[in-house]
Amino acid sequence: MSQHIGQLALLVHDYDEAIAFYTQKLSFDLLEDTRLSATKRWVRVAPRGSAGFSLLLAHADSDEQRSRVGNQTGGRVFLFLYTDDFWRDYNAMRAAGVLFSRDPVEEPYGTVAVFADLYGNLWDMIQPM
């Protein structure tokens, strides 16, 4: 048997502002943006060069879902972005206005810093050793 996680739904307030953040500030690729109805779209983004995994940007359309945007994990780091060149990506993201809540540190497993997406979800950016 072979299994893998293909995508993860990430609640967003607005499709277009989320697409702009992920493609312009994090340099992700827009893989798909398909209109399903007057209010619903199927929007997938992924880091450049990634194989198979994507984020499904899911519009929050109820009060309960809207209350979870930006805090899907109770304030814990939620997603982990691996890179082959930490300082290239760190400097590019800072120049694009991405807010880092924890400065870069060298850990036994690699170089890591924590940043927030446009809604406040926390990410680790890691260059593994």
Side-chain angles (χ1 to χ4, degrees):
M1 180 199 289
S2 176
Q3 298 179 334
H4 70 276
I5 295 174
Q7 57 194 7
L8 175 83
L10 183 65
L11 290 169
V12 301
H13 286 301
D14 181 86
Y15 290 118
D16 293 322
E17 72 181 3
I19 290 169
F21 177 84
Y22 285 100
T23 61
Q24 295 171 20
K25 296 191 182 280
L26 300 188
S27 296
F28 281 24
D29 289 327
L30 176 61
L31 303 177
E32 184 175 0
D33 184 357
T34 303
R35 185 163 298 283
L36 301 175
S37 71
T39 59
K40 189 169 183 176
R41 291 157 56 183
W42 187 261
V43 178
R44 294 185 312 116
V45 297
R48 287 192 180 148
S50 65
F53 181 81
S54 62
L55 288 176
L56 175 68
L57 303 180
H59 183 261
D61 59 5
S62 70
D63 288 341
E64 183 177 1
Q65 289 176 11
R66 283 187 286 279
S67 76
R68 304 291 197 289
V69 172
N71 192 20
Q72 292 187 206
T73 60
R76 292 194 55 126
V77 168
F78 175 41
L79 298 159
F80 299 81
L81 179 62
Y82 282 66
T83 178
D84 63 349
D85 187 332
F86 180 89
W87 293 106
R88 174 199 65 212
D89 294 340
Y90 175 78
N91 289 326
M93 289 166 64
R94 284 185 49 100
V98 174
L99 300 177
F100 282 81
S101 59
R102 291 188 207 133
D103 291 332
V105 294
E106 297 291 329
E107 296 287 356
Y109 53 84
T111 306
V112 62
V114 177
F115 70 91
D117 69 14
L118 75 162
Y119 298 118
N121 292 303
L122 297 178
W123 292 63
D124 270 357
M125 184 173 67
I126 302 169
Q127 180 178 351
M129 291 287 192

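From a predicted model like this one, the values you see are computed outputs, not experimental measurements.
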ask   = Cluster question for you: counting only ILVMFWY and a side-chain heavy-atom cut-off of under 4.5 Å, with indirect links fine, are F80 and L8 together?
value = no

Candidate pair Y119 and F21, rule ring pair (Phe, Tyr, Trp, His ring centres under 6.0 Å), full reasoning = CA-CA 10 Å; Y119 298 118; F21 177 84; 8.2 Å; no

query = Within the distance-only criterion (no hydrogens, no angle test), does the side chain of Q127 pair as donor or acceptor with the backbone N or O of D84 below 3.5 angstrom?
reply = yes

task = Using the side chain to side chain contact (heavy atoms under 4.5 Å, CB included) rule, pick out the option among I19, D14, L30 that qualifies with L57.
result = I19

inquiry  = Can you tell me if L36 has over 12 outside heavy atoms packed within less than 6.0 Å of its CG?
reply    = yes

key: Residue pairs passing the salt bridge (Lys or Arg N to Asp or Glu O under 4.0 Å) test where at least one lies in residues 34-55, sequence neighbours excluded   = D16-R41, D29-R48, E32-R44, D33-R41

ask   = side-chain contact (heavy atoms from CB on, under 4.5 Å) between Y22 and L10: does it pass, once the steps are laid out?
value = CA-CA 12 Å; Y22 285 100; L10 183 65; 3.0 Å; yes

inquiry  = Quick check: is V69 connected to F78 through a chain of hydrophobic side chains (ILVMFWY, heavy atoms under 4.5 Å apart)?
reply    = yes

ask   = Okay, side chain of H59, backbone of V12: is any donor-acceptor separation there less than 3.5 Å?
value = no

ask   = Counting heavy atoms not belonging to R94, are there more than 12 under 6.0 Å from its CZ?
value = no

task = Measure the spacing between NZ of K25 and CG of L99 and express it to the nearest 0.5 Å.
result = 8.5 Å

query = Under the 4.5 Å side-chain heavy-atom rule for ILVMFWY, direct or indirect, which residues accompany L31?
reply = none

Within one Ile-Leu-Val-Met-Phe-Trp-Tyr cluster: V77 and V105, side-chain cutoff 4.5 Å = yes

key: Stepwise side-chain contact (heavy atoms from CB on, under 4.5 Å) test for D89 and L81   = CA-CA 10 Å; D89 294 340; L81 179 62; over 6 Å; no

query = Where do A113 and R102 come nearest, in terms of heavy atoms and distance?
reply = CB-O, 3.5 Å

ask   = Taking the six-membered ring for Trp, are F28 and W123 parallel (under 30°), tilted (30 to 60°) or perpendicular (over 60°)?
value = perpendicular

request  = Could you tell me which non-hydrogen atom of Q7 sits nearest to which non-hydrogen atom of W42, and how far apart they are?
outcome  = NE2-CZ2, 3.2 Å

request  = Report the C-alpha distance between L122 and R76 in whole Å, list the side-chain angles of each, state the deciding distance to 0.1 Å, and finish with yes or no for side-chain contact (heavy atoms from CB on, under 4.5 Å).
outcome  = CA-CA 7 Å; L122 297 178; R76 292 194 55 126; over 6 Å; no

request  = Is it possible for you to say whether M93 and I126 belong to one hydrophobic cluster, with membership spreading through side-chain heavy-atom contacts below 4.5 Å?
outcome  = no

request  = Kindly work out whether a path of hydrophobic side-chain contacts (I/L/V/M/F/W/Y, heavy atoms less than 4.5 Å apart) joins Y82 to M129.
outcome  = no

remark   = To the nearest 0.5 Å, atom CG of N121 lies from atom CG of N71 at 7.5 Å

ask   = Minimum heavy-atom separation for T39 to Y15, with atom names?
value = O-CE1, 3.7 Å

ask   = Looking only at heavy atoms, what is the nearest atom pair of A58 and A9, with distance?
value = CB-CB, 4.5 Å

key: Crowding at CZ, F53 (>12 non-hydrogen neighbours, <6.0 Å)   = yes

request  = Just say parallel, tilted or perpendicular for the rings of W87 and Y90, cut-offs at 30° and 60°.
outcome  = perpendicular

request  = Could you tell me which non-hydrogen atom of R66 sits nearest to which non-hydrogen atom of D61, and how far apart they are?
outcome  = NH1-C, 3.4 Å

Q72 side chain vs L11 backbone, donor-acceptor pair below 3.5 Å = yes

